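Here is the structure we will look at, set down as structure tokens.
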There are 2 protein chains.
Amino acid sequence: MEERRGLGVRMGDIAKAAGVSRQAIYLHFDTRTALMSATAIYVDEVKGLDVRLQTVLAAKTAVEALGLYVEVWGNYVPEIYGLAKALLAARDTDEAAAVAWDERMACLRDGCRAIISGLAEEGKLAPEWDPADATEMLWTMLSFQTWEQLTEGCEWSVDKYVRWMTTLVMRSFVEDPAR
Amino acid sequence: MEERRGLGVRMGDIAKAAGVSRQAIYLHFDTRTALMSATAIYVDEVKGLDVRLQTVLAAKTAVEALGLYVEVWGNYVPEIYGLAKALLAARDTDEAAAVAWDERMACLRDGCRAIISGLAEEGKLAPEWDPADATEMLWTMLSFQTWEQLTEGCEWSVDKYVRWMTTLVMRSFVEDPAR
DNA sequence: CAGTCAATTGACACAGTGTCAAGTGATTCA
DNA sequence: TGAATCACTTGACACTGTGTCAATTGACTG
């Protein structure tokens with residue numbers, strides 16, 4: 001998946017790479033989507049995204065947490081790009097893939113909610129925003145699709161992504177940040 | 001395409017809807033992608049996106065133009081959603097679809113560039129930003145994918161999208177806007 | 001009346017997913 | 001020792017959707 005950037009990976013290719021027959025896969029996973037979904041759960045667990053994001057939320061201030069959050073997420077995406085891309089492609093036409101995708105993205109959303117709440121509590125949330133709407137907007141800013149558009153579409157490096165995305169969210173959500 | 005939100009529309013379905021045989025379509029368009037690409041060009045022309053966006057750029061100030069731009073674009077997307085979705089889905093696996101998509105998005109990018117330039121000239125561009133990078137970031141904020149994530153994923157109305165997207169880009173790119 | 005042209009019909013090749021049935025070889029258990 | 005079990009293999013096949021091909025039709029044109 002990572003080698004092929006998530007596209008054009010057939011069941012036969014996966015079987016070959018795993019050194020088993022194509023049918024052997026179907027003995028363990030009902031469908032291609034079930035395999036991807038299980039793999040996504042496994043990968044997130046192994047890579048420990050939850051832990052990484054949790055760690056960030058423990059920062060002294062919500063503003064600091066926000067900056068670290070963008071950095072951690074921006075650097076995490078390349079590690080899962082191929083699988084994420086494949087799952088996202090399947091999402092449109094496959095209900096199970098949609099569910100798997102939404103579940104994967106839920107922890108990101110939770111982190112966004114925590115940060116926005118933190119900002120609000122510290123009186124740092126820009127006054128225009130309602131916390132619920134700000135959460136959804138921040139979550140959208142940090143979506144895989146936005147990451148992809150900037151890095152693939154605009155050919156930005158991850159560092160550049162982190163730098164400008166941080167600038168964007170700081171200006172958007174933080175009232176009078178330490179500039 | 002609009003009825004089905006761009007998904008699960010087969011050549012046979014299109015033929016039936018057009019009241020011709022499936023093969024008749026292939027007499028006019030080489031591939032499914034060629035048909036979608038031609039349709040996209042036709043639709044943009046008929047709907048006059050270019051004109052709408054141009055009109056907006058004539059606003060008195062760049063800040064005003066930015067607000068109108070978000071409004072025009074946000075309200076335009078629902079008119080082309082299905083076709084855009086279909087073209088986007090084909091983009092991953094079809095080079096011709098990728099080209100068609102990129103061409104469609106170019107005019108949006110041009111508008112973003114004009115607005116950011118305008119802001120810079122008026123001394124209103126937030127000092128953190130470089131104009132080229134700000135253009136790409138604004139273009140990404142206004143991408144179809146972001147629109148979709150907010151309206152489908154977060155179930156925002158178009159009005160809500162316009163409202164909060166305006167808030168976001170004003171805070172992000174405009175230095176000291178008339179708040 | 002012949003030629004042309006757009007379209008129709010129906011068959012087919014191809015790719016990829018998922019199913020099915022029969023067979024194999026190693027391990028386990030009585 | 002021999003039967004049962006288990007994970008896996010092999011090869012065939014159904015199904016869907018795209019794109020191709022050949023033969024045919026029917027209307028308009030000169």
Side-chain angles (χ1 to χ4, degrees), chain A residues 1-43 46 80-104 148, chain B residues 1-43 46 80-104 148:
Chain A
M1 281 287 181
E2 297 309 315
E3 273 169 27
R4 309 278 282 266
R5 310 237 78 198
L7 301 175
V9 179
R10 297 155 297 187
M11 290 299 268
D13 299 327
I14 296 169
K16 196 181 291 177
V20 298
S21 67
R22 191 169 67 92
Q23 282 60 26
I25 298 178
Y26 285 104
L27 295 175
H28 297 273
F29 304 94
D30 285 350
T31 63
R32 200 182 115 96
T33 299
L35 170 58
M36 290 199 293
S37 174
T39 307
I41 290 168
Y42 172 76
V43 166
V46 168
I80 55 146
Y81 183 88
L83 185 58
K85 181 81 182 166
L87 202 50
L88 190 58
R91 193 173 124 93
D92 282 336
T93 49
D94 185 328
E95 186 55 35
V99 169
W101 178 267
D102 293 346
E103 282 171 1
R104 280 332 63 226
E148 188 184 29
Chain B
M1 280 289 179
E2 297 310 315
E3 272 169 28
R4 309 278 281 267
R5 310 235 79 200
L7 302 174
V9 179
R10 296 155 298 187
M11 290 299 268
D13 299 326
I14 296 168
K16 197 181 291 176
V20 298
S21 67
R22 191 169 67 91
Q23 283 58 25
I25 298 178
Y26 285 105
L27 296 175
H28 297 273
F29 304 95
D30 285 350
T31 64
R32 200 182 114 95
T33 298
L35 170 59
M36 289 199 294
S37 175
T39 307
I41 290 168
Y42 172 77
V43 166
V46 168
I80 54 145
Y81 183 89
L83 185 58
K85 182 81 182 167
L87 202 51
L88 190 58
R91 192 173 126 93
D92 282 336
T93 49
D94 184 328
E95 186 55 36
V99 169
W101 178 266
D102 293 347
E103 282 170 1
R104 267 2 37 234
E148 188 184 28

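No experiment lies behind these values; they were computed from the predicted model shown. Just the heavy atoms: all of them, side chains too, but no hydrogens, waters or symmetry mates, feed the values below. Numbered from 1 within each chain, the chains take letters A, B, ... in sequence-line order.
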>> Rounded to whole Å, please give me the gap between CG in B/L35 and P in D/dT18.
In response: 11 Å

>> Once rounded to the nearest 0.5 Å, what's the spacing between atom CZ of B/R104 and atom CD1 of B/I80?
In response: 9.5 Å

Shortest non-hydrogen contact from [X] to [Y]?
X     : Y     : value
A/T39 : A/L35 : OG1-O, 2.6 Å
B/G8  : B/D13 : O-OD2, 3.5 Å
A/E2  : A/Y81 : OE1-N, 3.6 Å
A/R32 : A/M11 : CG-SD, 3.4 Å
A/A38 : A/F29 : CB-CE2, 3.7 Å

>> I need the residues from residues 19-28 of chain A with at least one non-hydrogen atom less than 4.0 Å from DNA chain C; give them sorted by number, or say none.
In response: A/R22, A/Q23, A/Y26

> Residues from residues 81-97 of chain A sitting under 4.0 Å of DNA chain C, heavy atoms only?
Replying inline: none

> Does B/L83 reach the side chain of B/L87, with side-chain heavy atoms less than 4.5 Å apart?
Replying inline: no

> Of the options A/R4, A/R5, A/K85, which is the one that meets B/D92 in a salt bridge (Lys or Arg N to Asp or Glu O under 4.0 Å)?
Replying inline: A/K85

>> Under 4.0 Å, heavy atom to any atom of DNA chain D: which of residues 3-16 of chain A qualify?
In response: none

Would you be so kind as to tabulate the donor-acceptor pairs closer than 3.5 Å made by side chains of residues 14-26 of chain A, with sequence neighbours excluded?
from  : atom 1 : to    : atom 2 : distance (Å)
A/S21 : OG     : A/A24 : N      : 3.3

> Contact boundaries of DNA chain C with chain B (under 4.0 Å, heavy atoms), 5' to 3'?
Replying inline: C/dA7 to C/dA11

When the side chains of residues 94-103 of chain A are checked against the rest of the protein, which donor-acceptor pairs come out under 3.5 Å, sequence neighbours left out?
from   : atom 1 : to    : atom 2 : distance (Å)
A/D94  : OD1    : A/A96 : N      : 2.8
A/D94  : OD1    : A/A97 : N      : 3.2
A/D94  : OD2    : A/T33 : OG1    : 2.3
A/D102 : OD1    : A/R91 : NH1    : 2.6

>> Under the criterion side-chain contact (heavy atoms from CB on, under 4.5 Å), I'd like the reasoning laid out for B/T31 against B/M36: C-alpha separation, chi angles, the key distance, then a yes or no.
In response: CA-CA 9 Å; B/T31 64; B/M36 289 199 294; over 6 Å; no

